[in-house]
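Notes follow the structure.
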Protein chains: 2
Amino acid sequence: MQKQRARTAPAVKTPAGKAPARKRRRLQRAEREQMIVKGAIRFFAEHGFKGQTRELARRLGITQPLLYRYFPNKNALIERVYEEVFVARWNPEWETWIADRTQPLHARLVRFYQDYTRNILNYEWIRLFLFSGLEGLEINRRYLRFMRDRIWSKVIAEIRFENGRPSLEEEPASETEIELVWAVIASIFYIGVRRWVFGLPVPEDLDAIIEDKVKGFLEGAPAAMAAPAKSANAPRVRPRDL
Amino acid sequence: MQKQRARTAPAVKTPAGKAPARKRRRLQRAEREQMIVKGAIRFFAEHGFKGQTRELARRLGITQPLLYRYFPNKNALIERVYEEVFVARWNPEWETWIADRTQPLHARLVRFYQDYTRNILNYEWIRLFLFSGLEGLEINRRYLRFMRDRIWSKVIAEIRFENGRPSLEEEPASETEIELVWAVIASIFYIGVRRWVFGLPVPEDLDAIIEDKVKGFLEGAPAAMAAPAKSANAPRVRPRDL
DNA sequence: CAATCTAATAATCACTTGATAACTTAGCTC
DNA sequence: GAGCTAAGTTATCAAGTGATTATTAGATTG
């Protein structure tokens with residue numbers, strides 16, 4: 001709670017020719033909005049969500065209050081950024097591809113992983129995802145849950161099917177299985193972290209890397225999954241502090 | 001440049017019994033300093049370096065100006081946090097262990113990687129390292145350079161020696177070699193990211209995982225390194241946007 | 001080309017936030 | 001236990017920062 005000082009109408013009077021008077025460019029509402037969102041995505045990916053609205057406006061070449069004509073507050077703009085990057089870029093066909101049993105599993109997975117990689121392996125996605133994770137934001141958890149429910153479970157189901165093992169309804173996914181499926185994306189994600197967080201050089205031919213990973217995955221995973229999970233049900237401890 | 005208003009001495013007069021008057025606990029200078037540093041490490045690991053000094057002070061149970069009796073400004077405190085986490089925790093023996101040819105290479109590497117993992121796989125290190133990377137801070141780059149020069153190069157040198165290949169003086173480390181050495185730590189680091197950034201469960205037995213990774217590394221790396229680097233000298237492109 | 005609509009700006013508010021200066025007092029010394 | 005030293009607090013500054021209000025002006029319409 002903070003006391004609201006009674007706002008006395010300030011009676012603005014332009015001091016007749018003083019400020020540099022920026023040339024005012026008038027855009028269609030939808031067009032300007034899109035421009036703001038696009039700029040905000042880049043801006044927040046660079047500076048995190050604590051980046052300042054004034055600085056964002058400056059980079060967009062507009063005044064800061066204009067942002068508030070398009071979004072009620074800063075948080076609404078941030079929400080929109082998430083929507084645009086994590087939700088709108090989600091390809092619903094991924095689930096279809098993975099489950100399409102007219103194709104060999106290897107081909108399905110390579111197709112999915114390659115397309116998914118194109119989706120997330122860019123400056124904006126990687127950094128925004130990290131920022132949202134570091135702040136413990138709900139969007140981040142939601143995305144990870146979604147990924148697990150929609151993608152990983154399907155991948156596991158298909159591998160089980162391929163190897164004549166029980167369905168997920170009969171036997172829920174083990175930690176080992178989830179772990180193995182995670183590992184593929186993890187290594188791809190980490191390429192992005194190295195590139196856009198640590199500024200390190202990264203390998204060139206992503207498609208080839210993904211094909212390698214999927215190959216290794218399909219060679220090793222089924223056996224590991226079928227095994228009675230030597231450490232899968234072992235207690236999970238915390239390495240150190242907390 | 002910002003104009004400095006001439007500070008008129010405000011002649012503070014305590015309003016004789018008004019504030020809740022916190023019980024003042026007086027510590028030795030060194031003791032208080034250590035307490036502040038320790039609290040700051042945790043605090044900045046949670047909130048990033050944009051976390052506010054007032055909030056930090058509140059969590060320490062002290063007043064905010066007291067911080068400025070120990071550090072000239074916020075940045076000095078941040079520098080100290082880095083010093084404490086990234087520099088002071090560096091174990092100079094690591095380099096010795098790796099190069100100690102009285103021991104088998106496998107044992108040396110397992111010993112190093114396990115100890116190094118204990119060093120970095122904790123809430124504070126992982127998150128502070130990410131925050132510093134996201135902000136593009138010099139400490140981050142410096143650490144990575146240091147790691148490459150002091151550790152990776154030695155690991156590569158030892159593997160070369162083990163396999164009767166030319167020394168690093170005769171033939172500088174290839175991208176492939178660096179890539180392979182990186183991969184081991186990368187997968188360990190990523191366990192920390194999953195745990196302390198994304199809040200996901202992680203495998204329990206780190207020592208076993210590391211032993212596996214080192215084993216895999218020593219089985220695969222020498223051959224891959226010796227190969228004429230099929231993609232090592234290939235141009236490195238950027239996946240998408242920038 | 002004047003009327004009208006609304007995108008865009010200028011001015012400013014209320015609160016935040018790193019930092020400083022003046023004042024207070026815990027606790028040690030003799 | 002008076003006096004002193006320095007650890008700690010109170011009050012406050014000035015620039016920063018999200019948000020609001022009143023005004024200006026670019027484009028479209030008839």
Side-chain angles (χ1 to χ4, degrees), chain A residues 1-36 40 43-44 47-58 60-78, chain B residues 1-36 40 43-44 47-58 60-78:
Chain A
M1 275 325 97
Q2 44 214 42
K3 71 177 168 190
Q4 287 292 44
R5 188 220 282 197
R7 188 75 60 86
T8 50
V12 175
K13 206 90 257 205
T14 315
K18 197 186 69 178
R22 89 172 51 232
K23 193 131 355 120
R24 186 181 295 198
R25 282 204 48 213
R26 193 187 170 105
L27 299 186
Q28 292 295 320
R29 189 162 179 90
E31 193 183 346
R32 176 69 76 186
E33 179 174 316
Q34 204 170 341
M35 173 189 173
I36 290 175
F43 180 76
F44 288 127
H47 298 97
F49 305 110
K50 286 174 183 149
Q52 302 151 14
T53 56
R54 268 169 237 273
E55 172 66 11
L56 166 60
R58 199 189 56 71
L60 286 166
I62 61 176
T63 58
Q64 179 247 9
L66 187 59
L67 296 172
Y68 290 85
R69 295 214 154 268
Y70 288 84
F71 298 91
N73 50 51
K74 184 181 177 180
N75 208 56
L77 177 54
I78 291 173
Chain B
M1 274 326 97
Q2 43 216 44
K3 70 175 171 190
Q4 286 291 45
R5 188 221 280 198
R7 188 74 59 87
T8 50
V12 175
K13 203 94 256 204
T14 314
K18 199 186 68 178
R22 87 170 55 229
K23 191 122 12 105
R24 186 181 293 199
R25 284 201 50 211
R26 195 184 169 106
L27 300 185
Q28 292 296 320
R29 189 163 178 89
E31 193 184 344
R32 175 71 76 190
E33 179 174 317
Q34 203 171 342
M35 174 189 172
I36 290 174
F43 180 76
F44 288 128
H47 298 97
F49 305 109
K50 285 172 184 152
Q52 302 153 12
T53 56
R54 269 170 236 274
E55 172 68 9
L56 167 59
R58 199 188 57 70
L60 286 167
I62 60 174
T63 58
Q64 179 247 7
L66 187 58
L67 296 173
Y68 291 87
R69 294 213 158 271
Y70 289 83
F71 298 91
N73 50 50
K74 184 180 177 180
N75 208 56
L77 177 54
I78 291 173

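Because only heavy atoms are used, hydrogens play no part in the values below, and waters and symmetry mates are left out as well, while side chains stay in. Numbered from 1 within each chain, the chains take letters A, B, ... in sequence-line order.
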- request: Kindly point out which of D:dA19, C:dT9, C:dG18 is positioned nearest to the side chain of A:Tyr68?
  value: D:dA19
Between [N] atom [atom2] and [X] atom [atom1], what is the distance in whole Å?
{"X": "B:Glu33", "N": "D:dA6", "atom1": "CD", "atom2": "P", "answer": "16 Å"}
{"X": "B:Gln64", "N": "C:dA21", "atom1": "CD", "atom2": "P", "answer": "14 Å"}
{"X": "A:Arg58", "N": "C:dT9", "atom1": "CZ", "atom2": "P", "answer": "15 Å"}
{"X": "A:Lys74", "N": "D:dG16", "atom1": "NZ", "atom2": "C1'", "answer": "12 Å"}
{"X": "B:Asn75", "N": "C:dT17", "atom1": "CG", "atom2": "P", "answer": "18 Å"}
{"X": "B:Glu31", "N": "C:dG27", "atom1": "CD", "atom2": "P", "answer": "12 Å"}
{"X": "B:Asn73", "N": "C:dT20", "atom1": "CG", "atom2": "P", "answer": "8 Å"}
{"X": "B:Ile62", "N": "D:dT9", "atom1": "CD1", "atom2": "P", "answer": "7 Å"}

message: Between B:Phe43 and B:Leu60, is there a side-chain heavy-atom distance shorter than 4.5 Å?
response: no
task: Might you point out which heavy atoms bring B:Asn73 and B:Tyr68 nearest each other, and give the distance in Å?
output: CA-CE2, 3.8 Å
query: Taking DNA chain C as the partner, which of residues 48-55 of chain A come within under 4.0 angstrom of it by heavy atom?
result: none
statement: In DNA chain C, consecutive runs of at least three Watson-Crick or G-U pairs below 3.5 Å, as range with range, amount to C:1-30 with D:1-30
Expected rows: protein N/O vs nucleotides 3-7 of chain C N/O, under 3.5 Å:
residue	atom	partner	partner atom	Å
C:dT6	O2	A:Arg26	NH1	3.2
C:dT6	O2	A:Arg26	NH2	2.9
C:dA7	OP2	A:Arg29	NH1	3.1
C:dA7	O3'	A:Leu27	N	3.4
C:dA7	O3'	A:Leu27	O	3.1

